[in-house]
Amino acid sequence: MSANPTILQSHNLKKYILETNVYPREAETLKELRNATASYPMGFMGTAPDAGQLMALLLKLLNAKKTLEVGVFTGYSLLLTALTIPNDGKIIAMDPDRKAYEMGLPFIKKAGVEHKIDFIESPALPGSNKESFDFAFVDADKDNYWNYHERLLKLVKIGGLIIYDNTLWGGSVVWAEEDVPAPKRKFRQAALAFNKAIADDSRVEISVVSIGDGFTICKRAH
Ligand SMILES: C[S@@+](CC[C@H](N)C(=O)[O-])C[C@H]1O[C@@H](n2cnc3c(N)ncnc32)[C@H](O)[C@@H]1O
Ligand SMILES: O=c1cc(-c2ccc(O)cc2)oc2c(O)c(O)ccc12
């Protein structure tokens with residue numbers, strides 16, 4: 001897996017998509033946050049901008065107002081969501097790493113969307129089981145995705161969406177185990193198990209999209 005993971009077959013094709021259709025439409029504050037994150041430790045973990053563009057489109061299609069985010073880091077996906085939902089929308093965002101969130105906070109403030117964010121400095125998941133969210137984005141500890149899924153199916157409304165990031169884990173889901181760098185094997189196994197389980201889950205309609213590091217988009221069916 002490279003420092004800038006892509007599962008598209010061609011780096012040139014990815015560059016073309018970014019330069020032609022993604023960067024020209026990316027909000028200035030998001031661009032600034034992305035650039036600042038690039039020199040932050042583990043900066044490569046930020047959600048890919050092309051995947052973010054798809055997420056914004058889905059948020060708009062859904063008219064999402066109340067959302068949940070598990071795994072904030074410096075806040076690329078958080079700022080993107082805050083810029084996309086209406087002015088009276090709310091995002092509950094959970095991450096034990098307040099320092100990374102605070103690195104991105106000036107960009108959130110500059111964008112004028114801080115009032116939409118309720119940052120919880122804690123590992124997920126929230127205590128409540130009340131179903132009320134239109135949308136959830138999960139981009140945290142990959143070996144916990146199934147636990148998040150079970151919980152989110154109680155928290156997201158019927159018809160709502162859940163997106164899981166990194167479900168193709170740098171494309172390594174189709175590699176031989178011995179070709180995967182040892183530190184990456186645990187989350188590869190987690191992605192393999194998650195992808196198999198979600199395929200069998202009739203509570204959701206799904207699409208696995210080879211964008212960013214792999215997005216699994218789930219619509220709660222019942
Ligand atoms: C890949 S980064 C998130 C990237 C973010 N979506 C973005 O666009 O910049 C993963 C984050 O998950 C957080 N994390 C790890 N375990 C977690 C947990 N149990 N609950 C919530 N967040 C967690 C880490 O602290 C890290 O900031
Ligand atoms: O290399 C990574 C690592 C993570 C990661 C590790 C441990 C956690 O508790 C959470 C996240 O996440 C990544 C990620 O989301 C990404 O898009 C690329 C690389 C990594």
Side-chain angles (χ1 to χ4, degrees), residues 1-8 14 22 26-27 29-56 59 67-84 91-105 107-108 111 117-127 135-152 155 162-173 180-191 194 209-216:
M1 220 162 306
S2 68
N4 179 18
T6 176
I7 47 168
L8 276 180
K14 171 146 182 157
V22 179
E26 191 182 34
T29 44
L30 264 181
K31 209 182 288 294
E32 289 170 11
L33 172 57
R34 180 166 54 76
N35 288 331
T37 300
S39 49
Y40 190 79
M42 303 279 285
F44 56 84
M45 290 200 303
T47 299
D50 49 343
Q53 190 180 56
L54 172 63
M55 192 162 120
L59 283 161
T67 81
L68 239 176
E69 177 158 314
V70 181
V72 171
F73 191 45
T74 63
Y76 188 88
S77 50
L78 180 61
L79 176 54
L80 174 119
T81 304
L83 287 166
T84 307
I91 309 162
I92 297 189
M94 282 158 292
D95 199 307
D97 186 355
R98 175 175 286 277
K99 196 164 158 247
Y101 170 67
E102 284 180 349
M103 183 259 139
L105 193 53
F107 302 96
I108 290 172
I117 297 169
D118 183 2
F119 176 78
I120 301 175
E121 181 186 351
S122 160
L125 275 169
F135 178 90
F137 180 56
V138 180
D139 185 13
D141 41 342
K142 321 296 170 196
D143 47 349
N144 243 330
Y145 276 21
W146 195 257
N147 295 329
Y148 293 138
H149 187 63
E150 289 296 349
R151 210 51 203 281
L152 287 170
L155 294 168
I162 310 168
I163 298 181
Y164 296 95
D165 198 6
N166 308 103
T167 54
L168 297 175
W169 200 230
S172 68
V173 287
V180 181
K184 299 283 181 185
R185 286 184 192 165
K186 185 174 84 155
F187 287 166
R188 171 181 176 269
Q189 286 301 336
F194 177 81
V209 185
S210 55
I211 195 167
D213 197 28
F215 255 23
T216 297

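Atom set for the values below is all heavy atoms of this structure, side chains included, hydrogens, waters and symmetry mates excluded. Whatever order the structure lists ligands and atoms in, that order sets their numbers, starting from 1.
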Discussion item. To check your reading of the model: name the closest protein heavy atom to atom 8 (O) of ligand 1, its residue, and the distance in Å.
Written reply: T47 OG1, 2.8 Å
Practice prompt. Would you mind reporting whether L105 and F119 have side-chain heavy atoms less than 4.5 Å apart?
Written response: no
Fill in: ligand 2 atoms in contact with K184 (distance to a heavy atom under 4.0 Å)
1 (O)
Fill in: D165 and F215, any side-chain heavy atoms less than 4.5 Å apart
yes
Fill in: Close-contact set for ligand 2 against N166 heavy atoms, below 4.0 Å
14 (C), 15 (O), 16 (C), 17 (O), 18 (C)
Worksheet item: Are K14 and D50 close enough that some pair of their side-chain heavy atoms sits under 4.5 Å apart?
Response: yes
Acceptor/donor pairs from residues 72-80 side chains to any protein atom, 3.5 angstrom cut, sequence neighbours excluded:
{"residue": "T74", "atom": "OG1", "partner": "T37", "partner atom": "OG1", "Å": "2.7"}
{"residue": "Y76", "atom": "OH", "partner": "E26", "partner atom": "OE2", "Å": "2.5"}
{"residue": "S77", "atom": "OG", "partner": "E69", "partner atom": "OE1", "Å": "3.4"}
{"residue": "S77", "atom": "OG", "partner": "E69", "partner atom": "OE2", "Å": "2.9"}

Discussion item. Counting only heavy atoms closer than 4.0 Å, does ligand 1 sit against the backbone of Y101, its side chain, both, or neither?
Written reply: neither
Fill in: ligand 1 contact on T37 by region, counting heavy-atom pairs under 4.0 Å
neither
Worksheet item: In the protein, which heavy atom is nearest to atom 15 (C) of ligand 1, and how far is it?
Response: D141 N, 4.1 Å
Practice prompt. Search all heavy atoms of S172 against all heavy atoms of V180 and return the closest pair with its distance.
Written response: CB-CG2, 4.2 Å
Discussion item. Quick check against the 3.5 Å criterion: does D141 have a side-chain atom that pairs as donor or acceptor with the backbone of N144?
Written reply: no
Practice prompt. With heavy atoms under 4.0 Å as the rule, classify the contact between T47 and ligand 2 as side chain, backbone, both or neither.
Written response: neither
Worksheet item: If only atom types and distance count, is the side chain of D213 paired as donor or acceptor with the main-chain N or O of G170 below 3.5 Å?
Response: yes
Fill in: Region of M94 engaging ligand 1 - heavy atom pairs below 4.0 Å
backbone
Worksheet item: Of the backbone atoms (N, CA, C, O) and the side-chain heavy atoms from C-beta on, which set of F73 has a member under 4.0 Å from an atom of ligand 2: side chain, backbone, both, or neither?
Response: neither
Worksheet entry | N or O pair under 3.5 Å between Y148 and ligand 1 | yes
Fill in: Residue and atom name of the nearest protein heavy atom (relative to atom 4 (C) of ligand 1), distance in Å to one decimal
D139 OD2, 3.2 Å
Practice prompt. Determine, considering heavy atoms only, which of D97, D95, V70 sits nearest to atom 27 (O) of ligand 1.
Written response: D95
Worksheet entry | S77: numbered ligand 1 atoms lying under 4.0 Å from its heavy atoms | 5 (C), 6 (N), 7 (C), 8 (O)
Worksheet item: At a 4.0 Å threshold, what atoms of ligand 1 neighbour a non-hydrogen atom of G71?
Response: 3 (C), 5 (C), 6 (N), 11 (C), 12 (O), 22 (N)
Fill in: Non-hydrogen side-chain atoms of I163 and L54 separated by less than 4.5 Å
no
Practice prompt. Give yes or no for whether the N/O distance cutoff of 3.5 Å, strictly under, is met between D165 and ligand 2.
Written response: no
Practice prompt. Could you say whether the N/O atoms of K142 and ligand 2 ever approach to under 3.5 Å?
Written response: yes
Fill in: Check: W169 side chain, K184 main-chain N or O, donor-acceptor pair, under 3.5 Å
yes
Worksheet item: Does an N or O anywhere in P123 fall below 3.5 Å from an N or O of ligand 1?
Response: no
Worksheet item: Does ligand 2 have a heavy atom under 4.0 Å from the side chain of A140, from its backbone, from both, or from neither?
Response: backbone
Fill in: Contact with ligand 1 for A100, non-hydrogen, under 4.0 angstrom
no
Fill in: Closest non-hydrogen atom pair, A56 against T84
O-CG2, 3.5 Å
Worksheet entry | Side chains of Y164 and L152 in contact at under 4.5 Å (non-hydrogen atoms) | yes
Worksheet item: For ligand 2, is there an N or O atom under 3.5 Å from any N or O atom of D213?
Response: no
Practice prompt. Would you name the heavy atoms of D139 and M45 that are closest together and state the gap between them?
Written response: OD2-O, 4.1 Å
Fill in: Side chain to side chain, Y145 and V138, heavy atoms closer than 4.5 Å
yes
Response to the item:
shortest atom 5 (C) of ligand 1-to-protein heavy-atom contact is with V72 O, 3.2 Å
Worksheet, complete the sentence: Taking every heavy atom of T47 against every heavy atom of G52, the minimum-distance pair comes out as CG2-N, 4.3 Å
Item to complete: Find out whether K142 and F194 are in side-chain contact, i.e. whether some heavy atom of one side chain is under 4.5 Å from a heavy atom of the other.
Response: no
Discussion item. Which option wins on minimum heavy-atom distance to atom 22 (N) of ligand 1: A48, A124, P96?
Written reply: P96
Worksheet item: Counting both backbone and side chain atoms, is some N or O of S122 under 3.5 Å from an N or O of ligand 1?
Response: no
Item to complete: Please identify which atoms of ligand 1 are closer than 4.0 Å to at least one heavy atom of F73.
Response: 2 (S), 3 (C), 4 (C), 5 (C), 9 (O), 27 (O)
Worksheet entry | ligand 2 versus D141: contacting region, heavy-atom distance under 4.0 Å | both
Worksheet entry | Selected option - heavy-atom contact closest to atom 14 (N) of ligand 1, from G52, G46, A140 | A140
